[in-house]
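Have a look at the structure below, then the notes.
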2 protein chains.
Amino acid sequence: MSDEEKEVASGAWRSLGEFIRGQRELANLSMRQLAEIAKISNPYLSQVERGLYKPSADVLKSIANALHISAESMYAQAGLLDDSETRDESHHGVEHAVKLDPRLSVDQKEAIIRIYRSFIGRE
Amino acid sequence: MSDEEKEVASGAWRSLGEFIRGQRELANLSMRQLAEIAKISNPYLSQVERGLYKPSADVLKSIANALHISAESMYAQAGLLDDSETRDESHHGVEHAVKLDPRLSVDQKEAIIRIYRSFIGRE
DNA sequence: TCTGTGCGCTAAGTATACCAAGCATCTGCT
DNA sequence: AGCAGATGCTTGGTATACTTAGCGCACAGA
C-alpha cells in the first residue's frame with residue numbers, strides 16, 4: 001500500500017492526528033512521554049498521529065487530559081460532536097430535559113411527558 | 001463466564017446500555033428500527049444495551065443522532081466527558097425547561113414541577 | 001572510536017468492536 | 001391447529017484498535 005493510499009484510507013482522521021501532534025509538540029512532550037501519561041503505548045500514539053488509526057473515545061479523552069485540553073474540543077476535532085444539536089432550543093425543551101434526567105424511571109418519564117402533552121394540546 | 005462476572009467486566013458501561021435502552025423505549029423503537037437508523041446491526045445493539053461492549057465514539061454519536069439527543073449528553077452518560085467539564089445541569093434541568101416553556105400556564109407549570117419533585121423524592 | 005540513551009517507526013501478535021445468519025419465543029390471524 | 005411477522009438473543013466470523021518486542025538513526029559523553 002502506497003503512502004497516498006494510506007492517506008486516503010485514513011480519510012478525515014488525518015487532521016486529528018496532526019492536531020494531536022501539534023498539541024504534543026506545543027507541550028514539549030516526546031511520544032514516549034505523552035504515551036506514558038496517557039497510558040497508551042508509544043507506537044500506537046505514533047500510528048494515531050499519522051492517521052493510521054481512529055482512537056477510541058476513552059483513548060481520546062485520556063490524551064486530551066494528558067495534554068490539558070478539554071475532551072470536548074478533542075471530540076470536536078475528531079468530528080464526533082458536530083451534528084447540529086445547535087444548543088439553542090433543543091436544550092431547553094421540556095421533553096428533552098425529562099428524557100435526560102437520570103433520576104426518573106422510564107415509567108415516570110412517560111407519565112410526565114403525557115401530562116405535559118395534554119397541557120400544551122398536542123397528541 | 002457468569003453473569004456477575006460479565007457485569008463486573010463491563011463496569012461503568014452498564015449504565016450506558018441501560019440509558020440507551022431507556023431512551024430507545026421512550027422513543028418507541030424496536031432494536032431493529034433503531035439499529036437501522038443508527039446504521040449498526042441489531043445484535044450489536046442488543047449487546048451494547050446489555051453492557052457487553054463499549055461502543056466506539058462514532059457509534060455513540062450515530063445512536064445519539066438516531067435518538068434525537070445530543071452527542072454530548074451521550075458522551076457524558078458514557079463517562080467520557082466527566083473530568084473537568086462537568087456538564088452544567090442548568091441546560092438540561094427539567095424545572096428550568098418547564099419554567100421557560102411559554103405554552104404552559106403558571107398553574108400547569110406548578111403541577112408538573114410538583115409531580116416531578118415527588119418522583120425524584122425532593123420536596 | 002565505542003557505548004549509552006533519547007527519538008520515531010515497523011512488525012507481529014492479542015483483544016475487542018462490530019457484522020451476517022439464524023434461533024426461540026410471542027402474538028395475532030385464518 | 002398452523003402460519004406469518006415481530007421481538008430480543010446466540011453463534012461464529014471479520015475488521016480494527018491496541019500492545020510488546022525490537023529496529024535504525026541521531027546526538028551526547030568517555
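Just so it is clear: chains get the letters A, B, ... in the order the sequence lines come, proteins before strands, and each one is counted from 1. Atoms considered below: every heavy atom in the structure, side chains included; atoms not considered: hydrogens, waters and symmetry mates.
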Can you sort out which residues in residues 27-37 of chain B have a heavy atom within less than 4.0 Å of DNA chain D? Ascending by number, please. B:Ser30, B:Met31, B:Arg32
Can you give me the closest heavy-atom contact between B:Ile20 and B:Leu67, atom names plus distance? O-CD1, 4.4 Å
For residues 19-33 of chain B, which residue pairs qualify under salt bridge (Lys or Arg N to Asp or Glu O under 4.0 Å), counting only residues two or more places apart or in two chains? B:Arg21-B:Glu49, B:Arg24-B:Glu49
Can you pull out every salt bridge (Lys or Arg N to Asp or Glu O under 4.0 Å) where at least one residue sits in residues 105-114 of chain A? Sequence neighbours excluded, please. none
Tell me: [atom1] of [X] to [atom2] of [N], nearest whole Å?
X: A:Leu45; N: C:dC9; atom1: CG; atom2: P; answer: 9 Å
X: B:Leu16; N: C:dA17; atom1: CG; atom2: C1'; answer: 14 Å
X: A:Ile40; N: D:dA17; atom1: CD1; atom2: P; answer: 13 Å
X: A:Glu49; N: C:dT10; atom1: CD; atom2: P; answer: 13 Å

Worked check of side chain to side chain contact (heavy atoms under 4.5 Å, CB included) between B:Met74 and B:Ile63: CA-CA 9 Å; B:Met74 206 69 185; B:Ile63 293 175; 3.8 Å; yes
Residues that B:Ser62 engages under side-chain hydrogen bond (donor to acceptor under 3.5 Å, both in side chains), provided they are two or more places apart: none
Could you tell me whether the phosphate oxygens of C:dC7, OP1 or OP2, come under 4.0 Å of any side-chain nitrogen or oxygen in A:Arg24? no
By side chain to side chain contact (heavy atoms under 4.5 Å, CB included) - contacts of A:Gln108 (at least two apart): A:Leu104, A:Ser105, B:Phe119
Name all residues meeting the side chain to side chain contact (heavy atoms under 4.5 Å, CB included) criterion together with B:Glu36; count only those two or more places apart in sequence or in a different chain, and write none if there are none. none
Counting C-beta onward and ignoring hydrogens, is there a side-chain heavy-atom pair between A:Leu100 and B:Phe19 closer than 4.5 Å? yes
Show me the protein contacts with nucleotides 10-14 of chain D, counting only N or O atoms at under 3.5 Å.
unit_1	atom_1	unit_2	atom_2	d
D:dT10	OP2	B:Arg50	NH1	2.6
D:dT10	OP2	B:Arg50	NH2	3.2

